[in-house]
Visitor: 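Quick one: the structure is below, questions incoming.
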Amino acid sequence: MLPAIESATREIRCLDGMWRFAVDWDNTGIDDRLYADSLPGNREVAVPGSVNDLFADEDIRNHVGHWFYQRDVRVPRGWDGERIILRFGSATHHAVVFVDDVEVGRNKGGYMPFEFDITDRVAPGGTFRLTVAVDNRLDNTCIPPGEVRELPDGRRQQNYLHDFYNYSGLHRSVLLYSRPARHVTDVTITTDYTGTTGHVTWEVAQSEEGPVRIAVVDKQTGEVVARAGGTRGTVDIEDVTLWTPGVGGLYDLVVALLDDADGPVDIFTQHFGVRTVRVDGYRFLINDTPFYFTGFGMHEDHETIGKAHSNAHMVQDAELLSWIGANSMRTSHYPYSEEFMDYCDRHGIVVIDETPAVGLNWMMAGGILDSGGGETYEEGHVDDDTQATHKEEIRRLVARDKNRPSVVIWSIANEPDTTSPKSVDYFRPLVELTRECDPTRPVGFVNVMFAPYDVCRITGMFDVIMLNRYYGWYVDSGDLETSERKFAEELKGWTEKYRLPIIITEYGADTVAGLHSIYDQPFTEDYQVAYLKMNSKVFDECEAVVGEQMWNFADFQTKYGFARVDGNKKGAFTRDRRPKAAARYLRERWTSMEAARYGRRDHRAR
Ligand code: GCB
């Protein structure tokens, strides 16, 4: 899906702010036509924002089902004759949208933008009542999957197999925008270069056939560097500025749909960067230069706003990434906001872009994941319905992010069960689909500790190996000597069997900020540093390791569990972004590491 942009032919009205709010306690609100009038009660909610931490009411926080959002919207007078589109950055996890008394559409999945053409329902200069029923329920038809349990006392409980809190709400901006009847519906840009000449291949789709012209504009200088006509083709850029990790470097592809007299009908601008990504033996090459990933798996997670996007928090997180010497991140465990991805494109932050396929693993019984155990790939757990949604999530993620230079790997799942023979049939079509949607980027998935190289059945289908490993934390807890030996042995096994680049996408230890000990005691800041040092040593000694993304950038909220004290505490930063001792250690390592020089953002000089 294309982003919403402003141009000479497109305008945006942002609908963020305070909305009316009601909890649909019995989940009968749609049948009862709650949307047909002003919502009952006088509660209000912030958009964007998660609902869960806003109200001093535990029943609201724990509600399983619908929340109703509502506001009145005025349509700009000048939009007569234009198509009028209502666009949501995301609604977690599902939404039913009403304009006045009429349902205009539904969306399934919590992390993707969606939009509806409401031209026929509204009048420029007039107002309408916009109501959204947001649903936080997850079942086996969802990605991520979950299960709603009915308790003997009649309460409903949402169970899920992932380690982050099930925040819900309108997490990203809601926009009303206008576009012409004949408009650009899709743009695909792929790039390459020879010597100092960049090659840009474009393809434009439009709602009705007609003449098309494109121009390539250097975003830095504003200069037009190439022009062409037609819905597809390739143009060259002389003296091209490559999109470079740690730096950025963007161009705009300006697409003009023309009428027969050459007048502009629709103007759409898509940014892109000229760069290549390739795997060569153990090496991961960006612009034919070996790239070593430093950084984190992160979460969209902050106090009060939960999983909502906020520009201020985004800038702070990105600045901390730069300060610590991180050149990359993984959007664990779902696609992040378009604003965040745009920022990464502009600033040269390298991204492993992940679908929301987390928790596809019933093998990890009990404990923090609370699955109850059992076979993963069976009816009601991960089945054909789950797979159909998983495919849709891959299609939508690639459609949204395919033009982003920052995205260098598609991660199609986090820690699925890959020990079951059925995992092969589940994943093969997904890998093929991802490659079909985007033949230009390596495809990977993130492997769980219980599926080492001699057990995992699906690694051979992928271009890179991504491993989450917790030696010294979940296994051999507190014993760093044994951990070092076992980890090194395991990496040797992966290296010899697959001869592919390995990125360690998670390694970490829960750490309570301020807790210290002269002994290497788990949960202390001292242990976290010792643990990281042990891991660093193992990475440095393995030639196939091309990256380390520590778990996690910051402490984050999870559901309650006996191993979770107010959330997951593996952050290098606390939830309010104060550095633990680990942050200083990582900074020292990453800002001086020769292997990670390409892509390092010079924090001060920027
Ligand atoms: C993992 C998961 C991540 C958890 C982490 C942990 O392997 O991928 O979502 O938060 O472990 O801290 O247990």
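Atoms within a ligand are numbered from 1 in the order they appear, just like the ligands themselves.
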Visitor: Specify side chain, backbone, both or neither for W473, according to which of its non-hydrogen atoms lie closer than 4.0 Å to ligand 1.
Guide: neither
Visitor: Among E354, E300, K307, E393, find the one that has a side chain to side chain donor-acceptor pair (under 3.5 Å) with Y334.
Guide: K307
Visitor: Is it the case that more than 12 heavy atoms not belonging to K533 sit under 6.0 Å from its NZ atom?
Guide: no
Visitor: Is there a side-chain contact between L285 and P290 in this structure, where contact means two heavy atoms from C-beta onward sitting under 4.5 Å apart?
Guide: yes
Visitor: Short question: side chain of R156, backbone of E150 - any donor-acceptor pair under 3.5 Å?
Guide: no
Visitor: Check this for me, if you would: do R469 and E490 make a salt bridge, where the nitrogen-to-carboxylate-oxygen distance has to be below 4.0 angstrom?
Guide: yes
Visitor: With a heavy-atom distance limit of 4.0 Å, tell me whether N568 approaches ligand 1 through its side chain, its backbone, both, or neither.
Guide: side chain
Visitor: Give the atoms of ligand 1, by number and element, whose distance to some non-hydrogen atom of N414 is under 4.0 Å.
Guide: 8 (O)
Visitor: Would you mind running through ligand 1 and noting each atom that sits below 4.0 Å from a heavy atom of F556?
Guide: 10 (O)
Visitor: At under 4.0 Å between heavy atoms, is it the side chain or the backbone of E506 that contacts ligand 1, or both, or neither?
Guide: side chain
Visitor: Give the atom numbers and elements of ligand 1 that come within less than 4.0 Å of a heavy atom of N468.
Guide: 7 (O), 8 (O)
Visitor: Test of understanding: given a 4.0 Å heavy-atom threshold, classify the contact between R469 and ligand 1 as side chain, backbone, both, or neither.
Guide: neither
Visitor: Quick one: does F164 get a heavy atom under 4.0 Å from ligand 1?
Guide: no
Visitor: What is the ring orientation for W551 with H333, classed by angle as parallel under 30°, tilted 30 to 60°, or perpendicular over 60°?
Guide: parallel
Visitor: Any atom of ligand 1 sitting under 4.0 Å from a heavy atom of H299?
Guide: no
Visitor: Given D555, which partner from the list R578, R575, K570, R577 fulfils the side chain to side chain contact (heavy atoms under 4.5 Å, CB included) test?
Guide: R575
Visitor: Below 4.0 angstrom from a heavy atom of R564, which ligand 1 atoms are there? Numbered from 1 as shown, please.
Guide: 6 (C), 12 (O), 13 (O)
Visitor: Tell me whether R278 contacts the main-chain N or O of T440 through its side chain, where contact means a donor paired with an acceptor under 3.5 Å.
Guide: no
Visitor: Between M449 and ligand 1, which part of the residue brings a heavy atom under 4.0 Å of the ligand: side chain, backbone, both or neither?
Guide: neither
Visitor: Could you check H93, Q158, K559 and say which one makes a side chain to side chain donor-acceptor pair (under 3.5 Å) with N166?
Guide: H93
Visitor: With atom 9 (O) of ligand 1 as the reference point, say which of E415, H333, H162 has the nearest heavy atom.
Guide: H333
Visitor: Quick one: does ligand 1 sit under 4.0 Å from the side chain of T558, the backbone, both or neither, non-hydrogen atoms only?
Guide: neither
